[in-house]
Engineer: 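Have a look at the structure that comes next, please.
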Amino acid sequence: MLFCAHMTVSLPHDLDEHHREELLAEELNYFTALHRSGKWVHLWRIAGRRGNISVFDVESTEELHELLWHLPLFPFLIIEVTPLVEHPSLAAVSP
């Protein structure tokens, strides 16, 4: 199942710099592991904003929930999830 997740990051301005760097490093490691496993398929930065558009390929909504819940930055994220379904026009133009 494919899901698009629009994530907006809102780190507190008074967050300790060392803690901030640790969180970002943990987030990168978590992303890397999920990307290598094929679960976190795409990651795009949104120009001019602190956030991203991500595509996940998971077995269920429960699995997606667990993956998102364990993001190190989860407490500082607003996440909007949209299920994705292949468009019928794609089948018409695919070889």
Side-chain angles (χ1 to χ4, degrees):
M1 299 176 73
L2 294 177
F3 292 90
C4 175
H6 176 195
M7 300 185 210
T8 302
V9 182
S10 183
L11 292 173
H13 297 292
D14 60 349
L15 185 65
D16 175 72
E17 184 65 26
H18 179 71
H19 184 56
R20 180 184 178 279
E21 294 303 320
E22 284 180 340
L23 280 172
L24 294 175
E26 290 172 18
E27 188 83 3
L28 178 59
N29 289 335
Y30 189 69
F31 161 75
T32 301
L34 290 176
H35 184 66
R36 287 184 178 151
S37 75
K39 298 292 180 184
W40 199 326
V41 182
H42 296 285
L43 173 65
W44 289 279
R45 174 172 268 166
I46 301 170
R49 294 182 53 195
R50 193 169 272 253
N52 70 71
I53 299 289
S54 295
V55 176
F56 292 88
D57 188 357
V58 293
E59 296 298 318
S60 65
T61 54
E62 290 81 7
E63 182 183 13
L64 177 65
H65 176 78
E66 287 301 314
L67 294 179
L68 295 175
W69 184 260
H70 288 95
L71 287 165
L73 291 177
F74 184 80
F76 309 106
L77 296 173
I78 297 170
I79 305 172
E80 297 175 31
V81 175
T82 305
L84 300 174
V85 179
E86 188 173 289
H87 197 284
S89 292
L90 184 60
V93 296
S94 295

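Sequence positions, counted from 1, serve as the residue numbers for this chain. Fair warning: this is a prediction, and the values are worked out from it, not measured in the lab.
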Engineer: Would you say Ile53 and Leu67 are hydrophobically clustered, going by side-chain heavy atoms of ILVMFWY under 4.5 Å?
Structural biologist: no

Engineer: Could you pull out all residues at least two apart from Glu63 that satisfy side-chain hydrogen bond (donor to acceptor under 3.5 Å, both in side chains)?
Structural biologist: Lys39

Engineer: With a 3.5 Å cut-off and sequence neighbours excluded, list the donor-acceptor pairs that the side chains of residues 2-19 form with protein atoms.
Structural biologist:
unit_1 : atom_1 : unit_2 : atom_2 : d
Asp16  : OD2    : His18  : N      : 3.2
Asp16  : OD2    : His19  : N      : 3.0
His18  : NE2    : Glu22  : OE2    : 2.8

Engineer: Could you tell me which residues satisfy side-chain hydrogen bond (donor to acceptor under 3.5 Å, both in side chains) with Asp57, sequence neighbours excluded, listed by chain and number?
Structural biologist: none

Engineer: Between Leu68 and Leu77, is there a side-chain heavy-atom distance shorter than 4.5 Å?
Structural biologist: no

Engineer: Hey, what's the ring geometry for Phe56 with Trp40, parallel, tilted or perpendicular (30° and 60° as the breaks)?
Structural biologist: tilted

Engineer: So if you build clusters from Ile, Leu, Val, Met, Phe, Trp, Tyr with side-chain heavy-atom gaps below 4.5 Å, do Leu84 and Met1 land together?
Structural biologist: no

Engineer: Which pairs, with at least one residue in residues 26-36 and sequence neighbours excluded, count as a side-chain hydrogen bond (donor to acceptor under 3.5 Å, both in side chains)?
Structural biologist: none

Engineer: So, using side-chain contact (heavy atoms from CB on, under 4.5 Å) as the criterion, who are the partners of Phe74 when residues are at least two apart?
Structural biologist: Trp69, Leu71, Ile79

Engineer: Who pairs with Phe76 by ring-ring contact (aromatic ring centres under 6.0 Å, His included), at least two apart in sequence or on another chain?
Structural biologist: none

Engineer: Less than 3.5 Å apart, which donor and acceptor atoms pair up between the side chains of residues 41-50 and the rest of the protein, not counting sequence neighbours?
Structural biologist:
none

Engineer: With the 4.5 Å side-chain cut-off for hydrophobic clustering, are Leu73 and Leu64 part of the same group?
Structural biologist: yes

Engineer: Going by side-chain hydrogen bond (donor to acceptor under 3.5 Å, both in side chains), name the residues that satisfy it together with Ser60, two or more places apart in sequence or in a different chain.
Structural biologist: Glu62

Engineer: With sequence neighbours left out, which residue pairs that include part of residues 76-88 fulfil the side-chain hydrogen bond (donor to acceptor under 3.5 Å, both in side chains) condition?
Structural biologist: His87-Ser89

Engineer: Can you check whether Thr61's main-chain N or O pairs, donor with acceptor, with His65's side chain at less than 3.5 Å?
Structural biologist: no

